[in-house]
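First the proteins, then the strands, lettered A, B, ... as listed; each starts at 1.
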Amino acid sequence: MSGVMKRMGMIFRAKANKALDRAEDPRETLDYSYQKQLELLQKVRRGVADVATSRKRLELQLNQLQSQSSKLEDQGRKALALGREDLAREALSRRAALQQQVTDLQTQHETLQGEEEKLTLAAQRLQAKVDAFRTKKETIKATYTAAQAQTRIGEAFSGISEEMGDVGLAVQRAEDKTAQLQARAGAIDELLASGALDDPTGMAKDDIAAELDRISGGTDVELELQRMKAELAGGTSQQAIGSEGGGTRQQAIEGGDASAQDQAQGSTRHKFDKQ
Amino acid sequence: MIVRIMGEGQWTLEDSHFDELNKLDDELLAEMETGDAEGFRRTLGALLDEVRRCGAPLADDALEPSELILPAPDATLDEVRAMLSDGGLIPG
């Protein structure tokens, strides 16, 4: 096939492809195409309106000419009734000229009417196509977006996309920062422990205080040990006395246990109060 | 195959009809090249009638690309010649 049909089809396709190739994102192409279709539809509608306006103008002119023609006919009839044949002839010849105009306008009117019907039909057809295209466009766009999202997810999982690279870098940065913070925290602990930094919480002590604590802590331990030893030794002899009666109170006092001592005194006081 | 008649719409045609249509189409092209306006008009009318007679009209809201495109019934030889010139059908 190499005739008009084929050549026109080829030109259409070549032009359409050229138009489509210009845009990279198919969604943009679809929107652009839809916009163009709407513009085209608008043009067609405007064309229909223009033709309709012209047709109406012609109708008005036709009406005017026809009323003028009737008027001339009446005038001719009157002139003839009054015996003025010359006037009647003039009126009729003018009417004949008008009739010629009327016939011309009627032909134009018919042509315009045909054109208007054709354009109206084209506009309706175009409207249906544009509506169908809009629906299809949205479906295609949604499918494309979904496909794109799927591709992105796939790429993200395999870690090949540029975006994933960015995420990887962000994670790396976060890890580095964490490590840095941990290292800094460790350093701060050390500095606080050494007394080089003041502890805002007041929990940490300088090295001198720490040493004093250590020494005094050690002294306490020694004292405690001695007291316990004395307690054990004294306890054994007091147990024998206590078993003979009234030893409980004495044991508590001599044991050096302040709370026990208080308890003992309290209980004694309590007994005295009762008495 | 889907054929569009510009300004009218689309028709679906069976491949078996293409022999006859091709003859008319070649004739049309020859008349266009020789500048036979009268013959062009007659052949174009016959070609379009054949498409309308053999084909089934496609719904207005169908979105199918046309494989073949025919000029509008009232297109003149000059108009079709202009369409087929380098400028093509769509400007730009």
Check side chain to side chain contact (heavy atoms under 4.5 Å, CB included) between A/Lys137 and all other residues, then give those that pass, not counting sequence neighbours.
A/Leu30, A/Asp31, A/Tyr34, A/Phe133, A/Arg134, A/Lys141

Mind checking side chain to side chain contact (heavy atoms under 4.5 Å, CB included) for A/Ala49 and listing every partner two or more places apart, or none if nothing turns up?
none

Portion of B/Leu21 that has a non-hydrogen atom of chain A nearer than 4.5 angstrom:
both

Part of B/Glu31 within contact of chain A (heavy atom distance under 4.5 Å):
neither

Using non-hydrogen atoms and a 4.5 Å limit, figure out which bit of A/Lys129 sits close to chain B: side chain, backbone, both or neither.
both

Considering only heavy atoms and a distance below 4.5 Å, find which of B/Glu27, B/Met32, B/Arg4, B/Glu8 pairs most often with chain A.
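Highest number of pairs under 4.5 Å: B/Glu8.
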
Should the heavy atoms of other residues, nucleotides or ligands under 6.0 Å from CD of A/Glu39 be counted, would the total exceed 12?
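More than 12 heavy atoms, drawn from other residues, nucleotides or ligands, come within 6.0 Å of this atom.
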
Taking atom CD of A/Glu85 as the centre, report whether more than 12 heavy atoms of other residues, nucleotides or ligands fall under 6.0 Å from it.
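Not more than 12 within 6.0 Å, no.
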
